[in-house]
**Q** 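First the structure, then my questions, so here it is.
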Amino acid sequence: MSGVQTITSYGRAAGSARVRVFDWLDHTGVEADSYTYLGRATNSVKALMREPLRIPRVEAELRELVKSVSKKTVLLSRQASPFSNGRVEEDLLTHAGRSVYDFDDALMHTPTSSRERIWSKRRVWSRSVAAADIVIAGNDYLAAEAAHYSNNVLVIPSCVEPKTYTQKVEYEIAKDPVAVWLGSPSTEQYLQSIAGPLLSMNKAKGLRLLVISAGQATLGPLDDMIDRKNWSNLAFQNDLVGADFGIMPLDDTPWSRGKCAYKLLQYAAAGLPIVGSPVGVNDLVLRQADGFSASTLRDWEESIEALINEPAGRRALRGRNGRCAVETNYSFAAWAPVWHEAMGLASA
């Protein structure tokens with residue numbers, strides 16, 4: 001039995017749980033007892049209804065877990081149960097020997113929905129932040145929100161392991177330049193917000209868009225310029241380096257400002273030049289990684305065109321600068337001492 005207990009609502013296949021919890025365990029070699037709700041990548045209604053008979057049993061297991069954490073360090077990511085208003089999370093954190101609550105999205109600004117009105121992520125978040133001994137936020141914006149409920153908040157960004165990324169070495173652009181977008185079906189909507197500039201560059205420069213995701217939903221007029229690949233932990237890095245640059249459009253909302261720029265960090269770790277919306281921490285990453293910042297549709301079109309027209313040597317320099325920024329500011333090695341201290345563990 002380990003002295004560390006991790007609790008996540010999703011399994012390793014979910015990006016947030018993997019990046020914020022399981023990758024840290026892998027990097028540090030810390031042994032932990034890990035609890036996930038159903039071990040799935042999503043707790044959507046459709047996913048939950050595939051195993052309705054397991055849900056009462058899993059809920060009972062969570063309540064039993066409260067009784068076994070009094071001598072443990074508990075690391076709770078986001079929430080423990082999709083059927084919660086914060087009570088079970090509060091109990092787990094207050095009964096732990098040391099409690100750490102970690103979050104990387106603006107859960108306090110969760111969009112309103114019928115599900116949110118019944119089982120509120122906003123209430124889970126506020127009760128968890130108030131109950132935890134230490135709160136880890138993914139960026140300064142999230143930390144400032146958490147500081148309203150806790151006096152012990154620190155920032156650890158979402159980190160990448162640069163050495164595991166295949167690095168781009170060829171920066172000459174072929175006949176048709178390729179932009180890449182990496183994400184999930186729920187965030188593909190952001191691509192539609194820059195459909196005009198993408199289509200314009202497709203017409204003028206032959207631009208193609210590689211979408212690495214798990215979805216197959218239509219993106220309307222963009223479909224004709226899109227090439228899709230299903231995300232795979234083993235293959236996506238090679239897919240990245242086959243592109244000429246990475247993009248991350250966002251709208252400027254309270255929810256989006258909480259994003260942790262993970263797509264930009266992955267592109268930069270692979271040595272790709274980057275273009276993104278300067279929303280939230282994206283703005284800082286774009287400046288650190290020598291990227292193009294695009295606030296308006298005109299900015300997007302001009303930034304993409306400028307990047308395509310640049311000499312290959314300048315694109316290569318952007319790639320090297322981005323990789324260096326990730327190694328210095330967003331790698332697990334850079335933040336390991338802070339993570340160890342937050343967890344109350346000796347740092348190697």
Side-chain angles (χ1 to χ4, degrees), residues 105-106 109 111 139 141 171 173-213 215-229 239-240 242-268 270 272-311 314-315 318-319 321-322 325:
D105 265 327
H109 298 303
N139 58 50
Y141 173 80
Y171 289 88
I173 291 180
K175 179 176 178 291
D176 295 326
V178 178
V180 63
W181 181 89
L182 173 67
S184 62
S186 64
T187 55
E188 288 184 14
Q189 60 181 310
Y190 293 121
L191 290 170
Q192 292 179 315
S193 69
I194 60 165
L198 292 174
L199 290 168
S200 177
M201 285 296 97
N202 171 253
K203 183 178 181 179
K205 298 289 185 178
L207 179 69
R208 302 294 300 174
L209 176 61
L210 173 62
V211 174
I212 305 174
S213 177
Q216 294 295 330
T218 180
L219 287 174
L222 289 174
D223 288 346
D224 288 341
M225 65 175 292
I226 285 178
D227 302 300
R228 282 188 175 271
K229 289 198 175 181
D239 294 333
L240 284 181
D244 295 301
F245 57 94
I247 62 173
M248 186 178 176
L250 279 179
D251 54 4
D252 190 2
T253 65
W255 172 258
S256 297
R257 289 170 209 148
K259 296 292 184 182
C260 290
Y262 194 64
K263 292 180 182 62
L264 294 181
L265 299 179
Q266 291 181 289
Y267 304 149
L272 286 175
I274 54 178
V275 186
S277 303
V279 175
V281 78
N282 271 22
D283 182 44
L284 176 62
V285 172
L286 288 165
R287 286 185 280 114
Q288 291 173 328
D290 196 12
F292 281 86
S293 179
S295 298
T296 66
L297 294 179
R298 183 174 180 179
D299 289 343
W300 272 99
E301 185 168 338
E302 291 179 349
S303 295
I304 292 173
E305 185 172 24
L307 186 54
I308 292 172
N309 290 337
E310 276 186 341
R314 181 65 181 101
R315 287 192 296 273
R318 290 187 189 277
N321 289 341

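Just so you know, residue 1 is the first one in the sequence shown, and it goes up from there. Computed from a predicted model, the values in this text were never measured in an experiment.
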**Q** Hey, could you give me each pair passing salt bridge (Lys or Arg N to Asp or Glu O under 4.0 Å) that has a residue in residues 182-207? Not counting sequence neighbours.
**A** Glu188-Arg228
**Q** Minimum heavy-atom separation for Gly276 to Leu286, with atom names?
**A** O-CD1, 3.4 Å
**Q** Is Asp244 reaching over with its side chain to a backbone N or O of Tyr171, donor-acceptor style, under 3.5 angstrom?
**A** no
**Q** Counting only N and O atoms by type, is there a donor-acceptor contact under 3.5 Å from the side chain of Asn202 to the main-chain atoms of Leu207?
**A** yes
**Q** Under a 3.5 Å cutoff, is there a donor and acceptor pairing between the side chains of Asp223 and Thr218?
**A** yes
**Q** Heavy atoms only: give me the nearest Ile194-Pro197 pair and the separation to one decimal.
**A** O-CD, 3.2 Å
**Q** Is a side-chain N or O of Asp251 found less than 3.5 angstrom from the main chain of Thr253, in a donor-acceptor match?
**A** no
**Q** Show your working on side-chain contact (heavy atoms from CB on, under 4.5 Å) between Asp105 and Trp255 and close with a plain yes or no.
**A** CA-CA 8 Å; Asp105 265 327; Trp255 172 258; 4.0 Å; yes
**Q** When you look at Lys259 and Val281, which way does the side-chain contact (heavy atoms from CB on, under 4.5 Å) test go after all the steps?
**A** CA-CA 7 Å; Lys259 296 292 184 182; Val281 78; over 6 Å; no
**Q** Which residue pairs satisfy the salt bridge (Lys or Arg N to Asp or Glu O under 4.0 Å) criterion with at least one member in residues 282-296, sequence neighbours excluded?
**A** Asp283-Arg287, Asp290-Arg314, Asp290-Arg318
**Q** Are the side chains of Leu222 and Val211 in contact, using a 4.5 Å heavy-atom criterion?
**A** no
**Q** Would you check, one step at a time, whether the test side-chain contact (heavy atoms from CB on, under 4.5 Å) holds for Asp299 with Thr296?
**A** CA-CA 5 Å; Asp299 289 343; Thr296 66; 3.1 Å; yes
**Q** Are Val180 and Phe245 side-chain neighbours, meaning at least one heavy-atom pair lies under 4.5 Å?
**A** no
**Q** Could you tell me if the side chain of Tyr262 sits less than 4.5 Å from the side chain of Leu182, heavy atoms only?
**A** no
**Q** Looking at every heavy atom in both Val285 and Ala261, which two are closest together, and how far apart are they?
**A** CG2-CB, 3.8 Å
**Q** Say you draw a straight line from NZ of Lys229 to CG of Asp239; how long is it, rounded to the nearest 0.5 Å?
**A** 4.0 Å
**Q** Taking all atoms of both residues into account, what is the closest heavy-atom pair of Asn139 and Cys260, and its distance?
**A** ND2-SG, 3.6 Å
**Q** List for me each residue that meets side chain to side chain contact (heavy atoms under 4.5 Å, CB included) alongside Ala289, sequence neighbours excluded, and say none if there are none.
**A** Ile274, Ala325
**Q** Applying side chain to side chain contact (heavy atoms under 4.5 Å, CB included), can you list everything that pairs with Ser303, at least two apart in sequence or on another chain?
**A** Val275, Phe292, Ala294
**Q** Write down the atom of Ala268, the atom of Gly322, and the distance for their closest heavy-atom approach.
**A** CB-O, 3.6 Å
**Q** Gln192: which residues meet the side-chain hydrogen bond (donor to acceptor under 3.5 Å, both in side chains) condition with it, sequence neighbours left out?
**A** none
**Q** Once rounded to the nearest 0.5 Å, what's the spacing between atom CE of Met201 and atom CZ of Arg208?
**A** 15.0 Å
**Q** For Pro273, does its backbone N or O pair with a side-chain atom of Tyr267 as donor and acceptor, under 3.5 Å?
**A** no
**Q** Which atom pair, heavy atoms only, marks the closest approach of Ser277 to Pro249?
**A** OG-CA, 3.3 Å
**Q** In Å and rounded to the nearest 0.5 Å, what is the CG to CG distance from Leu209 to Leu219?
**A** 8.5 Å
**Q** How many angstroms lie between CD1 in Ile212 and CG in Leu240, if you round to the nearest 0.5 Å?
**A** 4.5 Å
**Q** How far does OH of Tyr190 sit from OG of Ser256, to the nearest 0.5 angstrom?
**A** 3.5 Å
**Q** Look up atom CE in Met248 and atom OG1 in Thr187, then write down how far apart they are to the nearest 0.5 Å.
**A** 8.5 Å
**Q** My understanding is that only residues two or more places apart in sequence, or in another chain, count here; which of them pass side chain to side chain contact (heavy atoms under 4.5 Å, CB included) with Ser200?
**A** Glu301
**Q** In plain terms, say whether Asp252 and Arg257 are close enough for a salt bridge, that is, a side-chain N and a carboxylate O under 4.0 Å apart.
**A** yes
